[in-house]
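Report on the structure given below.
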Amino acid sequence: MTVNPDIFAARVLAWFHRHGRRDLPWQQQPTSYRVWVSEIMLQQTQVRTVIPYYQRFMETFPDIRSLAAAPEDQVLHHWSGLGYYARARNLHRAARQIVEKHAGRFPARFEEVLALPGIGESTAGAVLSLSLGQRHTILDGNVKRVLARVFMVEGWPGRSPVQRRLWEIARQLTPEQEVAAYNQAMMDLGATVCLRSRPDCAGCPVMDCCQAHGQDRVRDFPGRRKAAKRRERSVQMLVICNSEGEVLLRKRPPTGIWGGLWSFPELGMDDKPDEWLAARGLSAECIRELAPRRHSFSHFHLHIHPLLILQKKTGCQVLDGDGQVWYNPGNGQRRGLSAPVQQLLLELQRIST
DNA sequence: AAACCGGGGCG
DNA sequence: CGCCCAGGTTT
C-alpha cells in the first residue's frame with residue numbers, strides 16, 4: 001500500500017467535517033432500524049429518490065414491530081416504483097425474524113445481523129457502524145469507485161478477484177476511531193465528489209494520493225462490466241375494466257419478476273384474448289389496443305402490448321379471491337404495483353375522465 | 001443505448 | 001466459488 005492509512009483516514013475525516021452530509025432523514029436519530037431501512041433503499045436508488053419513499057415508509061412503519069405486523073401487500077405498496085421488490089420482501093421477513101428471535105430489537109452482533117435476509121457484509125457493517133459506532137468495514141458502490149481509482153484496481157468490481165482486492169484495501173484503510181464518520185464520509189465522497197462521470201478531483205481530499213488521478217486515468221476506473229446482450233420479450237397485458245370502474249389484478253408469484261406484486265393478466269403474443277376471457281366467463285364489450293411500451297430489465301427488454309377491455313355489465317363470474325381482485329385505482333386497498341402497471345392505471349384515469 | 005447497484009440462490 | 005437474476009434511473 002502506497003498510502004499511509006492514518007493519513008488517508010485523517011484527510012477523509014477532515015473533509016467530512018466540512019463537506020459531509022448530515023441532514024439526511026436517517027441521520028436524525030440514527031437507530032439501527034432507521035439506518036437499516038435507509039441502507040436497503042439506498043442499495044438500489046439514489047438519495048434524492050429515496051427520501052420521499054423513506055419518509056412515507058417511516059411514517060407507516062415507525063419501528064420494527066409495526067413493520068413485522070404489517071401485511072406484505074402494504075409493505076410492497078410502499079415500495080411500488082422503487083424496484084428490486086425482493087428487497088422489500090426480505091426487509092419484511094427480517095423484521096418478523098427480529099421480533100421472533102431478538103424480542104423485536106435489532107441485533108447488535110455482526111453475525112446476527114448478517115444472518116438476516118437481505119443483509120450482506122457491507123450492509124451489516126454500515127448499519128452497525130452508522131447506528132452503534134461499531135468498527136466494521138463497508139464496501140458499497142461509492143466506496144468501490146473511490147478505492148478503485150485511488151489504488152488503480154483494474155477490472156470490473158463485480159468480479160471476485162477485484163472484489164477481494166477492494167475489500168482488502170478497504171479493511172486496511174478503516175481507522176480505529178471515528179468509524180461511523182469515516183464510513184459515511186467514504187460514501188459521501190463517492191456520491192458527491194468521486195462521481196462516475198465528471199468527478200470533481202479538485203475538490204477531493206485524497207487527490208494527491210490518487211493513483212488514477214496522478215496518471216490522468218480516472219476515467220478508466222472502476223473497470224466496466226462488459227455489456228451483456230439483452231433479449232427481447234413481448235407480452236399482452238389485459239386491462240379489464242368492469243362497470244364499477246375497477247380493473248382486474250392478479251398477484252404475481254413470490255419469486256421472479258415483480259414478485260409478490262399485483263399486475264394485469266398476461267398473455268403470450270399468440271394467445272387469443274377472446275378465448276382467455278371466455279374461459280373465465282367474461283366477455284368483452286369492446287377491446288382497444290393501447291400504445292405499446294417497452295420496460296427494461298437488466299437481462300431483457302419487455303415489450304408490453306396493453307389491451308383495454310371493457311367488460312359487459314352482465315353478471316361477472318370472476319370474483320375476488322386469493323390472488324385476484326377487482327381493484328379500484330382511486331380508493332382500493334393499497335397494494336404493490338410495478339412501474340408499468342402504475343403508469344397504465346394513471347393513463348386509464350385520464351381516459352375515463 | 002449502456003452503465004449502474006448489493007444480495008440471494010443455485011450448481 | 002462463479003454465475004445468473006432482478007428494475008428503475010442516470011448518463
Side-chain angles (χ1 to χ4, degrees), chain A residues 35-53 76 78-94 97 113-127 136-149 155-164 166-167 170 183 186-187 190-192 194-199 219-233 235 252-261 263 293-304 336-344:
Chain A
V35 173
W36 171 38
V37 173
S38 77
E39 286 298 323
I40 300 300
M41 287 187 173
L42 289 166
Q43 280 173 9
Q44 62 209 26
T45 317
Q46 295 210 331
V47 167
R48 180 179 292 111
T49 312
V50 160
I51 286 177
Y53 279 90
L76 287 171
H78 280 74
W79 215 267
S80 290
L82 265 181
Y84 285 108
Y85 300 94
R87 296 171 196 213
R89 286 184 277 112
N90 282 335
L91 191 70
H92 188 222
R93 271 208 298 147
Q97 282 186 22
V113 176
L114 194 59
L116 295 168
I119 299 187
E121 185 153 7
S122 185
T123 303
V127 173
H136 298 288
T137 300
I138 62 165
L139 190 66
D140 76 350
N142 288 314
V143 179
K144 283 179 191 167
R145 187 167 54 253
V146 173
L147 298 182
R149 286 172 173 167
W156 175 55
R159 288 183 50 240
S160 295
V162 182
Q163 174 113 328
R164 272 197 300 277
L166 288 169
W167 268 111
N183 282 346
M186 289 295 287
M187 293 192 282
T192 65
C194 196
L195 306 172
R196 182 156 65 90
S197 47
R198 303 171 182 277
R219 291 148 304 152
D220 298 342
F221 297 89
R224 293 165 190 39
R225 166 192 211 141
K226 52 178 179 217
K229 46 268 159 221
R230 288 199 271 198
R231 315 265 295 264
E232 310 278 341
R233 280 172 45 185
V235 294
R252 299 183 58 91
T255 58
I257 291 162
W258 298 324
L261 272 61
S263 191
R293 57 213 64 205
R294 195 174 79 151
H295 191 79
S296 294
F297 296 86
S298 43
H299 289 59
F300 62 94
H301 299 290
L302 184 65
H303 295 263
I304 298 171
L337 306 172
S338 65
V341 169
Q342 278 193 309
Q343 176 63 34
L344 273 164

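Note on naming: letters A, B, ... go to the chains in the order of the sequence lines (proteins, then strands), and numbering restarts at 1 for each one.
- Comparing C/dA6 with B/dG11, their P atoms sit 15 Å apart, to the nearest whole Å.
- With sequence neighbours excluded, no residue forms a side-chain hydrogen bond (donor to acceptor under 3.5 Å, both in side chains) with A/Q44.
- Contact annotation for A/I119: backbone-only contact, meaning every heavy-atom pair under 4.0 Å involves sugar-phosphate atoms and none involves a base.
- Taking atom CG of A/N142 as the reference point, atom P of B/dC5 lies 7 Å away to the nearest angstrom.
- Rounding to whole angstrom units, CE of residue A/M187 and P of B/dG6 are separated by 11 Å.
- Scored by the side-chain hydrogen bond (donor to acceptor under 3.5 Å, both in side chains) test, A/N142 finds A/R145 as partners (sequence neighbours excluded).
- When the side-chain nitrogen and oxygen atoms of A/K226 are compared with OP1 and OP2 of B/dA3, none of them lie within a distance under 4.0 Å.
- Counting to the nearest Å, the P atom of B/dG6 and the CG atom of A/L139 are 8 Å from each other.
- Straight-line distance from the CH2 atom of A/W156 to the C1' atom of B/dC4: 10 Å, rounded to whole Å.
- A distance of 6.0 Å or more separates the ring centres of A/W79 and A/H92.
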Note to self: Output one letter per nucleotide in nucleotides 5-11 of chain C: B when a protein non-hydrogen atom lies under 4.0 Å from the base, S when only the sugar-phosphate is that close, - when neither is.
What the structure shows: BBBB-SS
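- The distance from atom CE of A/M41 to atom P of B/dG7 is 16 Å, rounded to the nearest whole Å.
- Here A/R252 pairs with A/E266 under the salt bridge (charged side-chain N to carboxylate O under 4.0 Å, His left out) rule; sequence neighbours left out.
- Here the C1' atom of nucleotide B/dG6 and the CD atom of A/Q163 are 9 Å apart, to the nearest Å.
- To the nearest 0.5 angstrom, A/Q163 atom CD is 9.0 Å from A/W156 atom CH2.
- Around CZ of A/R233, the count of heavy atoms belonging to other residues, nucleotides or ligands within 6.0 Å does not exceed 12.
- The CD1-P distance, from A/I40 to B/dG6, rounds to 11 Å in whole Å.
- Minimum interatomic distance between A/Q43 and A/G118 (heavy atoms only, all atoms of both residues): NE2-O, 4.1 Å.
- Between A/R93 and A/N90, the side chains place a donor N or O and an acceptor N or O closer than 3.5 Å (distance only, hydrogens not considered).
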Enumerate all atom pairs, one protein N or O and one N or O from nucleotides 9-11 of chain B, separated by less than 3.5 Å.
none

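- A/T137 is linked by a side-chain hydrogen bond (donor to acceptor under 3.5 Å, both in side chains) to A/T174, counting only residues two or more places apart in sequence or in another chain.
- If you measure from atom CD of A/E232 to atom C1' of B/dA1, you get 12 Å, rounded to the nearest angstrom.
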